[in-house]
Amino acid sequence: LSPSSAASDVSKRQIKCCLATFLWVFFRFHKNYHTLVYEMRQWEKVLGTVHYKSDFLCFIRMCAGFREYRSLLLFRLGDAGMILSGIVPHQRSTFFITESSKIGKGLILQHGYSSILFPESMGDNCQVWHNVTIGRTHDKGPRPIIGNNVKICAGSFVLGGIKVGDNVTVGAGTMLVKDVPENCVVCGNPAYIIKQDGEKVHIKL
């Protein structure tokens, strides 16, 4: 890198750290502070970043380093987050339509761009990749109920009044419009189960 380019990178990091420090005030004094800390630590764990004992340093690392995390944080902050979204850079193509209280703690956005999250409810410790749509099959129709520890991979659609059980992985590019039992891996269009309780299977939904 040229000296000017290196200096620019340092300046950008400094700006991000200053912005993260500003956001810390909203994070620290939020009514669901302990839940926000849990979610932040889940990001640290899943993404394999450096572990900080200090919640403050961990927060600075996440906010400064991950646009997707800032997007989720603004969503969790509610009305304050909506106001801050005008000045805080975040993943603007991630759309949360369901209220925060219906999406369990520990949500991870893997890249997150061009995704729409509109479930009836979603459990704890879920992961959503990019280009994912969760919602209705038609206007005013029912929406999915998603369990705990569910991973919805890139380019998938989870639609309609279906139930997705705990510990389910929805493979990339899947069109899911039917119920899925717990402990499964599903993929395809139409979707079918390729693994259940750790065993390889081929079960139509």
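Residue numbers count from 1 along this sequence.
- Between the side chain of S114 and the backbone N or O of N131 there is no donor-acceptor pair closer than 3.5 Å.
- Using a 4.5 Å heavy-atom cutoff, the side chains of Y69 and F59 are in contact.
- Note on ring orientation: taking the six-membered ring where Trp is involved, the planes of F26 and F22 are perpendicular (angle over 60°, cut-offs 30° and 60°).
- Both V168 and I203 sit in one connected hydrophobic cluster of ILVMFWY residues. Membership requires side-chain heavy atoms under 4.5 Å apart, directly or through other members.
- Using a 4.5 Å cut-off on side-chain heavy atoms (C-beta onward), T169 and K195 make no contact.
- Once rounded to the nearest 0.5 Å, the distance linking CZ of R143 with CE of M122 reads 11.5 Å.
- For Y38 and N125, the side-chain atoms include at least one donor-acceptor pair closer than 3.5 Å.
- A distance of 13.0 Å separates OG1 in T137 from CZ in F157, rounded to the nearest 0.5 Å.
- Listed for the Q42 side chain is no donor-acceptor partner under 3.5 Å among the backbone atoms of L107.
- In this structure, W129 CH2 and H111 NE2 are separated by 8.5 Å, a value rounded to the nearest 0.5 Å.
- A donor-acceptor pair is defined here as one N or O able to donate and one able to accept, closer than 3.5 Å; no such pair exists between the side chain of N183 and the backbone of Q196.
- When the side chains of ILVMFWY residues are joined at heavy-atom separations under 4.5 Å, either directly or via intervening members, I108 and V185 end up in two distinct hydrophobic clusters.
- Under a cut-off of 6.0 angstrom, the local environment of NE2 in H138 is crowded, with over 12 non-hydrogen atoms contributed by other residues, nucleotides or ligands.
- Looking only at side-chain heavy atoms (C-beta outward), R67 and P89 come within less than 4.5 Å of each other.
- The distance from atom CE of M175 to atom SG of C187, rounded to the nearest 0.5 Å, is 14.0 Å.
- Around the CD atom of E99, the shell of radius 6.0 Å holds more than 12 heavy atoms that belong to other residues, nucleotides or ligands.
- Side chain of R92 to main chain of S85: a donor-acceptor pair is present (N/O by atom type, distance under 3.5 Å, no hydrogens or angles).
- In this structure a side-chain-to-backbone donor-acceptor pair under 3.5 Å is present from D179 to K163.
- Note: the hydrophobic cluster containing I87 also contains F27 (ILVMFWY, side chain heavy atoms under 4.5 Å, direct or indirect links).
- Here the CG-CZ distance, from L72 to F66, works out to 13.0 Å after rounding to the nearest 0.5 Å.
- Placement of V37 and L23 within a single hydrophobic cluster is found when ILVMFWY residues are connected by side-chain heavy-atom separations under 4.5 Å, directly or transitively.
- Criterion: ILVMFWY side-chain heavy atoms under 4.5 Å apart, direct or through other members. Under it, W24 and W43 are part of a common hydrophobic cluster.
- To the nearest 0.5 Å, the span separating CD on E120 from OG1 on T98 amounts to 7.5 Å.
- Using cut-offs of 30° and 60° on the angle between ring planes, the pair F96 and F75 is parallel.
- Inspection of the N149 and N167 side chains reveals an N or O donor paired with an N or O acceptor under 3.5 Å.
- Remark: R136 fails to qualify as a cation-pi partner of F118 under the 6.0 Å distance and 45° angle criteria applied to the six-membered ring.
- Using a 4.5 Å heavy-atom threshold, the side chains of Q127 and V46 count as touching.
- Panel note: side chain Q110, backbone A154; no donor-acceptor pair is recorded below 3.5 Å.
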